[in-house]
Amino acid sequence: MNIPSRYDPRKTEDRWYSYWMQHGFFRSVPDDREPYTIVIPPPNVTGVLHMGHMLNNTIQDVLIRRARMLGKNACWVPGTDHASIATEAKVVAKLKSEGIEKRDLTREEFLKHAWEWTHKHGGIILEQLKKLGASCDWERTLFTMDEKRYRSVIKAFVQLYNKGLIYRGVRMVNWDPEARTAVSDEEVIYTEEQSKLYYVKYRIAGTDDFITVATTRPETILGDTAVCANPRDKRYKYLAGKRVIVPMAEREVPFIFDDYVDMEFGTGCLKITPAHDINDYEIGLRHNLPMIDIFNDDGTLSEKAGKFIGQDRFRARELAEEELRRTGHLVKVEKYTTKIGRSERTNAVIEPKLSVQWFLKMKEISVPALNAVLTGEVMLHPSKFKNLYRHWMENVRDWCISRQLWWGHRIPAWYYNDNEFVVAETEEEALELARRKTGNKHLTLKDLRQDEDVLDTWFSSWLWPITCFDGINNPGNPDMKYYYPTSDLVTAPEILFFWVARMIIAGYEFTGKKPFSNVYLTGIVRDQQRRKMSKSLGNSPEPLELIEKYGADGLRVGMLLCSPAGNDLLYNDSLPEQGRNFANKIWNAFRLVKSWKIDEKIAQPEASALAVEWMEEMFNRTLGEIDSDFRKYRISEALMKTYKLFWDEFSGWYLEIIKPEYQKPVDLKTYNATISIFERLMQVIHPFMPFITEEIWHLISERKEGESIMVSRMPVHKKHHDRFIHRFEVAKEIISAIRAIRKEKNIPQADKLDLYIKTDNSYDGYYLPVIRKMCNLNEIKYTEEKVQEAISFLVRTIEYYIPVRTKVDTAEELKRTREELEYTKGFLAIVMKKLDNEKFIRGAPSDVVERERKKQADALVKIKALEEKIKELENR
RNA sequence: GGGCGAUUAGCUCAGUUGGUUCAGAGCAUCUGCCUUACAAGCAGAGGGUCGGCGGUUCGACUCCGUCAUCGCCCA
């Protein structure tokens with residue numbers, strides 16, 4: 001068989017993916033096995049794969065593949081999110097590039113464009129996931145706005161409304177003037193930006209005196225309805241009950257006092273614009289101040305401003321500055337750094353704005369969700385997110401769920417006059433309700449007007465684990481009963497509150513059950529400078545190119561190796577390179593084994609028998625460790641252990657021991673044992689590297705059509721004892737020591753050496769056949785005497801000699817032995833310091849004391865041996 | 001401004017109830033090898049006063065306090 005020495009993933013990956021699809025291995029339907037379920041965090045329907053998706057979906061695939069091999073009925077539900085604001089923004093931009101303005105279209109026309117766009121670009125991202133090897137049940141692919149999901153969302157809304165949890169209210173919202181919609185608190189990104197602080201004089205009514213107020217937004221002076229100071233601020237005590245004149249607006253407003261005002265900031269005097277600042281708004285409520293909204297929805301000044309009407313808010317700021325300066329009201333302007341909130345989607349500066357919105361009361365319904373995480377019914381991995389979660393949930397605020405967009409689930413509220421409305425799942429039901437409510441039987445659909453707003457995207461995603469199984473429309477259906485609650489959720493910590501917390505809330509609210517048992521929070525993929533990977537920075541590699549270059553297996557390993565849960569992953573190309581190298585290592589180990597001729601007549605060499613016995617134990621023990629890592633969601637560590645098991649133990653030690661001499665055959669027993677171990681190693685590696693393991697699985701033994709490693713049963717960890725592992729470690733040390741001697745003395749591996757072991761009955765010689773083979777030894781003898789003309793070395797407490805013909809460098813060896821003696825004496829001193837301490841003897845547990853005594857004894861033996869050796873060397 | 005978390009080798013990180021699994025891993029670096037599976041490899045080596053300072057303890061990377069630096073969340 002002629003197998004190339006480099007593994008080429010491009011020749012295998014697509015082929016195996018088609019094979020899996022063709023045989024329906026990803027398909028899951030309820031049966032009597034234990035279910036294991038993951039719902040994908042639905043990527044934006046028109047998005048493309050980025051590095052974060054790669055990491056996230058690799059982890060999900062590892063978990064799913066492992067569960068499947070453990071005999072569970074593994075179901076990974078894929079889908080996409082309609083991403084209302086992001087998608088709408090893209091469609092608007094696309095139309096604009098074609099010279100079409102959104103405002104010139106009807107809602108229906110716009111939605112037609114949006115659906116076209118969705119159908120054209122939608123689902124590309126899911127196709128990309130296939131390249132990664134994702135074993136989703138594609139027959140279940142969903143969309144948050146497909147028919148069933150749409151109905152679910154509407155139904156959920158109506159339910160909550162009827163429970164009195166949804167209300168319509170005037171609130172200060174984060175207004176995105178570019179998208180002309182409210183956005184949630186979570187969608188506002190605050191960053192420090194350079195700005196200016198303007199000091200403006202306000203005249204005290206009825207006098208010629210002025211007070212000075214500091215503000216960053218002089219244009220909002222037009223909406224001022226008070227000026228305020230801290231009640232403890234002595235400087236302004238005299239103004240109690242006085243009124244001041246707002247510049248430009250020439251309006252008389254009261255001077256008030258409120259604890260909110262920071263006496264240190266600016267002049268200690270604050271202008272109050274209740275309609276355009278959240279804190280001012282609250283002060284306004286406390287003091288019953290009028291609210292003057294001076295902005296239009298697009299961020300230009302409205303009639304109510306009385307000035308600069310129709311000007312953009314930033315232009316108005318300049319105009320205000322000019323006018324204040326001209327009229328002598330501007331005292332000074334300082335440079336000032338302040339936190340500015342910008343829309344996550346459009347990057348427009350957020351305008352706090354009073355508007356009528358739909359809200360969901362959160363306090364009550366989040367209680368079970370908070371408890372679920374605190375009691376561990378839902379586990380967060382890593383658990384450090386528990387505190388963060390609690391903090392957020394305890395301070396949860398009502399959720400603004402309406403968005404002034406068209407792309408999304410339209411709010412199922414129908415108005416039958418300006419302010420009164422009914423909420424229902426369908427137009428017909430709405431009409432029925434409206435007739436009943438008004439007592440007017442003659443109302444027709446034409447008299448009803450549906451609310452223009454759509455729901456926040458997250459209002460559909462928070463139902464995802466339920467709607468994936470149609471659990472809102474059809475609560476008791478077989479899928480729902482079988483798959484729900486799902487098992488694990490894998491997502492980024494960034495959306496812990498946007499999404500995860502709300503899903504837990506919805507889980508308890510709509511099903512009375514948690515939506516999932518474990519949440520694995522991945523890190524964020526960053527570049528070497530710790531910058532988040534983003535398109536605008538251009539620092540994100542193209543995932544599909546990486547797959548092309550390193551193979552999906554290589555990339556998966558690269559991403560997983562250094563991303564413990566919750567830790568950011570600093571990406572660079574050496575990661576998938578390491579993964580690719582590992583694939584190549586596996587490939588070459590396979591080539592080696594496949595190259596052997598089998599001779600059924602030859603007996604199994606002793607060394608091979610010992611190697612098999614040890615390898616089996618090593619395999620079993622590592623399997624136990626890997627199981628334990630998975631239970632703790634320490635996937636990187638599980639992979640690292642797998643990696644070392646294959647590379648170091650299996651390839652580095654085991655194969656080297658059993659390897660027949662060049663062109664000599666291997667005995668059948670060893671061969672069979674090796675194939676068996678190799679196959680089991682492939683199974684352990686499979687969840688991490690699905691493609692190469694499948695390829696080898698099919699090449700290493702006869703397989704029938706339709707067989708696959710991905711549906712084979714994962715080896716089971718048996719209770720292990722480390723009978724051989726410790727002894728083998730000693731053998732490794734001896735082999736290393738002899739290798740070092742060969743290297744130092746320039747003795748080629750082909751020259752046979754003799755080994756003498758000084759007997760003190762403590763070395764059982766169990767692995768001597770292995771040592772003989774690995775070091776190409778001729779004779780191995782026990783001796784009670786020092787061996788002359790030999791190099792000696794010490795492993796643990798036993799001395800070994802290798803007789804050599806070349807002259808032994810006595811001086812060099814003496815020096816080294818003395819250094820070792822010094823070190824051992826130092827070590828003993830530390831041990832003795834403890835043992836001589838009466839308090840230690842009394843206070844420490846007996847096994848700890850015992851251990852120290854053993855250390856003492858071993859050190860003493862070693863010192864004696866070293867001292868004898870030195871004496872002998874000196875006399876030479 | 002409020003809260004949470006982190007700081008261990010050049011880099012990325014383990015280190016579970018304080019004590020031989022205790023100072024570790026991978027990568028990177030350095031040295032020597034193209035040795036018939038693999039140079040995408042093999043054999044070796046070096047490298048850290050566990051952020052600083054105090055405290056508790058027979059004993060501290062581990063517990064407590066404090067300072068410093070960084071990150072994240074919220075305002």
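Labels below follow one simple rule: chain letters A, B, ... track the order of the sequence lines, proteins then strands, and each chain is numbered from 1.
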Out of B/G26, B/U31, B/G3, whichever nucleotide has its closest atom nearest the side chain of A/Lys743: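 That would be B/U31.
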
Nearest-nucleotide pick for A/Tyr643, side chain only, options being B/A43, B/C4, B/C27: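 From the listed options, B/C27 comes nearest.
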
Heavy-atom check, side chain of A/Ser540 versus side chain of A/Tyr571, under 4.5 Å: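 No. Closest side-chain heavy atoms not under 4.5 Å.
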
Can you give me every donor-acceptor pair (side chain of residues 643-653 of chain A, partner residue at least two apart or in another chain, under 3.5 Å) with its distance?
{"unit_1": "A/Tyr643", "atom_1": "OH", "unit_2": "A/Gln578", "atom_2": "NE2", "d": "3.4"}
{"unit_1": "A/Glu649", "atom_1": "OE1", "unit_2": "A/Lys732", "atom_2": "NZ", "d": "2.8"}
{"unit_1": "A/Ser651", "atom_1": "OG", "unit_2": "A/Phe646", "atom_2": "O", "d": "3.1"}

For RNA chain B, what residues of residues 649-660 of chain A have any heavy atom nearer than 4.0 Å?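 Contacts with RNA chain B under 4.0 Å: A/Ser651, A/Glu656, A/Lys659.
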
What residue among A/Asn620, A/Ile626, A/Thr622 forms side chain to side chain contact (heavy atoms under 4.5 Å, CB included) with A/His717?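 By the side chain to side chain contact (heavy atoms under 4.5 Å, CB included) criterion, A/His717 pairs with just one of A/Asn620, A/Ile626, A/Thr622: A/Asn620.
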
So which of A/Thr58, A/Ile635, A/Thr693 actually passes side chain to side chain contact (heavy atoms under 4.5 Å, CB included) with A/Phe688?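 Answer after filtering A/Thr58, A/Ile635, A/Thr693: A/Ile635.
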
Ignoring hydrogens and angles, tell me if any N or O in the side chain of [X] forms a donor-acceptor pair with the backbone of [Y] under 3.5 Å.
X        : Y        : answer
A/Arg580 : A/Lys549 : no
A/Asn776 : A/Leu753 : no
A/Glu617 : A/Ile725 : yes

Rounded to whole angstroms, how far apart are [atom1] on [X] and [atom2] on [N]?
X        : N     : atom1 : atom2 : value
A/Trp392 : B/G5  : CH2   : C1'   : 20 Å
A/Glu637 : B/U21 : CD    : P     : 18 Å
A/Leu388 : B/A6  : CG    : P     : 12 Å
A/Tyr389 : B/G3  : OH    : P     : 22 Å
A/Ile586 : B/C38 : CD1   : P     : 17 Å
A/Leu496 : B/G3  : CG    : P     : 20 Å

Using the P atom on both, measure B/C11 against B/C73 and round to a whole Å.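 My reading of the P atoms in B/C11 and B/C73 gives 25 Å.
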
Roughly how many Å apart are B/G1 and B/G55, using the C1' atom of each and rounding to a whole number?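 So the two C1' atoms sit 31 Å from each other.
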
Could a donor-acceptor pair under 3.5 angstrom be found where the side chain of A/Arg739 meets the base of B/A43?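 Answer no: no donor N or O sits under 3.5 Å from an acceptor.
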
Classify [X] by what it touches in the nucleic acid, base, sugar-phosphate, or nothing, heavy-atom distance under 4.0 Å.
X        : answer
A/Trp596 : nothing
A/Asn584 : base
A/Gln749 : nothing

So which protein nitrogen or oxygen atoms get under 3.5 Å of nucleotides 9-13 of chain B's nitrogens or oxygens?
{"unit_1": "B/C13", "atom_1": "OP1", "unit_2": "A/Asp568", "atom_2": "O", "d": "3.4"}
{"unit_1": "B/C13", "atom_1": "O3'", "unit_2": "A/Asn567", "atom_2": "ND2", "d": "3.0"}

Closest nucleotide of RNA chain B for A/Arg591 versus for A/Arg6: which of these residues is on the 5' side?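 With A/Arg591 and A/Arg6 compared, the 5'-side residue is A/Arg591.
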
Need to verify one output field. Residue with the more 5' nearest nucleotide on RNA chain B, A/Lys644 or A/Lys732?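 Nearest nucleotide further toward 5': that of A/Lys644.
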
Let's test your reading of the pairing rules: Watson-Crick or G-U wobble, both distances under 3.5 Å, then write RNA chain B as a dot-bracket string with ( ), [ ], | and dots. (((((((..((((.....[....)))).(((((.......))))).....(((((..]....)))))))))))).

Scan nucleotides 61-66 of chain B against the protein and return all N/O pairs shorter than 3.5 Å with their distances rounded to 0.1 Å.
none

What pairs of nitrogen or oxygen atoms, one from the protein and one from nucleotides 16-20 of chain B, lie under 3.5 Å apart?
{"unit_1": "B/G19", "atom_1": "O2'", "unit_2": "A/Arg851", "atom_2": "NH1", "d": "2.9"}

Is there a side-chain contact between [X] and the phosphate of [N], meaning an N or O under 4.0 Å from OP1 or OP2?
X        : N     : answer
A/Asn581 : B/G41 : yes
A/Ser736 : B/G44 : yes
A/Trp587 : B/G41 : no
A/Lys585 : B/C42 : yes

Within this structure, what is the CD1-CD1 distance for the pair A/Ile734 and A/Ile798, rounded to the nearest 0.5 Å?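 Going from CD1 on A/Ile734 over to CD1 on A/Ile798, the span is 7.0 Å.
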
